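Count residues from 1 along the sequence. Keep in mind that this is a model prediction, so the values were computed, not measured.
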Amino acid sequence: MEKNPVDILFGKRNFYEFLESLEQMSPEKGFKTIREIIVKDSIGNEEKTRIKSYLPNQVKFTLASTRELDRIAMDKNHQGYVIIRTKQKAFQSLNFEQFKQNIEPMNGPVLILDRIQDPGNLGNILRTAECMGVKHVLMSDRDTSPITPVVEKVSAGAVHHLSIYRVANLKHGIEFLKKNEYWILATDDEGDESLWDNLPDANQMAVIMGNEGEGIKRVLLEDSDYIGRIPLFGMVSSLNVVVACGITLDRLHRA
């Protein structure tokens, strides 16, 4: 068994988002997890000062060549920014009880993810959601990608700013949201193209995005208050789930 195993966090935006989120974490999840911060030796003094401004004195800060960073990050696209931290058990998603404690009326949009399996898609969805004002993400705990370092990096650090819940049954989450005055919107090829201008305010909405191949489970569509179809004008008949998520959230804010 590896002694003192570590995680490698990499990528410039992810690097800064993580540092900026540390003050919101408990010490065990924050600075105490950091073994070393390593950045490319070509950065300027102003950026060195910026990085050091985040760090207590006890955190080791090192400059290294691109070749050395390639070795440390195992040739991943680190962009010259690496954090070595104590290996985490796994991303600590919240549970259904915490979801019920944290969700309040008029705090949407809430994002519901049904079996998003590709880590790249999941990371990009989380990045898009955070940019579009989502604070809470409800995910199924089966047939769904875990929050891996790749997801964390692709999300551009968005995972540090979202409350992410993994539950056994999304249907129960939807029922709870409805009791708390949320309307449920799903997208489907057979949905209504005309409903987009007649939706409730975004803060009253929860949006379901479905599996990359199969879409949203029929049982979840049946629980939705609105089923919309994104108008398409080309020859291709469907959108990638990341793009569909971005369009849907944007339309909510414009409704």
Side-chain angles (χ1 to χ4, degrees), residues 5 7 9 14 29 87-103 107-130 132 134-180 182-191 205-228 230 238-246 248-249:
D7 281 330
L9 186 151
N14 191 27
K29 293 183 178 180
K87 190 171 184 63
Q88 309 297 292
K89 295 179 181 178
F91 180 86
Q92 294 299 305
S93 300
L94 305 172
N95 58 35
F96 187 48
E97 288 305 312
Q98 291 166 310
F99 177 74
K100 292 191 290 185
Q101 292 169 10
N102 294 343
I103 294 295
N107 197 25
V110 174
L111 183 61
I112 302 168
L113 300 180
D114 177 25
R115 299 167 298 146
I116 303 299
Q117 298 175 336
D118 180 83
N121 281 342
L122 179 57
N124 275 304
I125 287 171
L126 296 176
R127 178 178 184 173
T128 299
E130 203 284 328
M132 297 302 294
V134 170
K135 298 181 178 65
H136 301 281
V137 180
L138 184 67
M139 301 167 53
S140 51
D141 63 4
R142 291 175 294 180
D143 300 322
T144 298
S145 169
I147 307 295
T148 64
V150 171
V151 172
E152 184 177 9
K153 194 231 180 225
V154 173
S155 80
V159 296
H160 306 305
H161 303 290
L162 293 166
S163 296
I164 300 174
Y165 310 86
R166 295 183 77 105
V167 300
N169 194 330
L170 289 177
K171 186 178 177 70
H172 293 164
I174 290 172
E175 290 170 353
F176 180 81
L177 286 165
K178 287 188 172 187
K179 289 178 182 177
N180 281 270
Y182 284 87
W183 299 90
I184 311 300
L185 169 67
T187 58
D188 187 75
D189 290 343
E190 298 178 3
M205 298 297 297
V207 175
I208 310 174
M209 301 307 301
N211 174 265
E212 291 91 341
E214 300 175 4
I216 299 169
K217 285 181 181 176
R218 180 57 52 182
V219 66
L220 301 183
L221 287 174
E222 291 171 353
D223 281 341
S224 300
D225 300 298
Y226 302 95
I227 300 178
I230 298 172
S238 63
L239 293 168
N240 172 275
V241 64
V242 178
V243 177
C245 181
T248 300
L249 291 172

Here the gap from L221 atom CG to I208 atom CD1, rounded to the nearest 0.5 Å, amounts to 7.0 Å

Got L126 and I147 here, is their nearest side-chain heavy-atom distance under 4.5 Å?
yes

Rounded to the nearest 0.5 Å, the CG atom of L239 sits from the CG atom of D189 at a distance of 9.5 Å

In short, L249 meets A129 closest at the heavy-atom pair CD1-CA, 3.9 Å

TODO: Would you please classify the geometry between the Y226 ring and the W183 ring as parallel, tilted or perpendicular, with 30° and 60° separating the classes?
DONE: tilted

Rounding to 0.5 Å, atoms CE (M209) and CG (L185) come to a distance of 9.0 Å

Would you say that more than 12 heavy atoms from the other residues, nucleotides or ligands in this model lie under 6.0 Å from the NZ of K179, or not?
no

Pair L113-L122, side-chain contact (heavy atoms from CB on, under 4.5 Å): steps then yes or no: CA-CA 9 Å; L113 300 180; L122 179 57; 3.7 Å; yes

Note to self: What verdict does the side-chain contact (heavy atoms from CB on, under 4.5 Å) test give for I103 and L138, after you've listed the backbone C-alpha separation in whole Å, the side-chain angles of each residue and the deciding distance to 0.1 Å?
What the structure shows: CA-CA 11 Å; I103 294 295; L138 184 67; over 6 Å; no

Output for pair (T144 OG1, D118 CG), nearest 0.5 Å, gives 12.0 Å

Applied to residues 136-152, the salt bridge (Lys or Arg N to Asp or Glu O under 4.0 Å) test, sequence neighbours excluded, yields R85-E152

Sequence neighbours excluded, the answer for salt bridge (charged side-chain N to carboxylate O under 4.0 Å, His left out) partners of K100 is E97

Residues passing the side chain to side chain donor-acceptor pair (under 3.5 Å) test with E214, sequence neighbours excluded, are R115

So the salt bridge (Lys or Arg N to Asp or Glu O under 4.0 Å) pairs with at least one residue in residues 157-168 (sequence neighbours excluded) are none

Taken in chain and number order and not counting sequence neighbours, the residues that satisfy salt bridge (charged side-chain N to carboxylate O under 4.0 Å, His left out) with E222 are none

A206 meets the side-chain contact (heavy atoms from CB on, under 4.5 Å) criterion, sequence neighbours left out, with V110, I112, L177, I184

What one should report as the nearest heavy-atom pair of S163 and L94 is CB-CD1, 4.1 Å

Of all heavy-atom pairs linking T248 and A244, the shortest is OG1-O, 2.8 Å

(message) As a quick check of understanding, evaluate side-chain contact (heavy atoms from CB on, under 4.5 Å) for C245 and L111, giving each step before the final call.
(response) CA-CA 9 Å; C245 181; L111 183 61; 4.2 Å; yes

Residues passing the side-chain contact (heavy atoms from CB on, under 4.5 Å) test with V242, sequence neighbours excluded, are N121, N124, I125, T128, N240

Does K135 form a side-chain contact (heavy atoms from CB on, under 4.5 Å) with N102? I'd like the steps, not just the answer. CA-CA 10 Å; K135 298 181 178 65; N102 294 343; over 6 Å; no

OG (S155) and CD1 (I164) are apart, to the nearest 0.5 Å, by 7.5 Å

* Asked: Taking D114 for the side chain and K217 for the main chain, is one N or O donor matched with an acceptor at less than 3.5 Å?
  -> yes

For Y165, the ring-ring contact (aromatic ring centres under 6.0 Å, His included) test, sequence neighbours excluded, returns F99, H136

For K171, the salt bridge (charged side-chain N to carboxylate O under 4.0 Å, His left out) test, sequence neighbours excluded, returns D223

Note: S145 and V151 closest approach over all heavy atoms is OG-CG2, 3.9 Å

By salt bridge (charged side-chain N to carboxylate O under 4.0 Å, His left out), E212 pairs with (sequence neighbours left out) none

CG of N14 to CG of L9, rounded to nearest 0.5 Å, is 4.0 Å

Here the ring pair (Phe, Tyr, Trp, His ring centres under 6.0 Å) pairs for residues 109-130, sequence neighbours left out, are none

Sorted by chain and number, sequence neighbours left out, side chain to side chain donor-acceptor pair (under 3.5 Å) with E190 holds for none

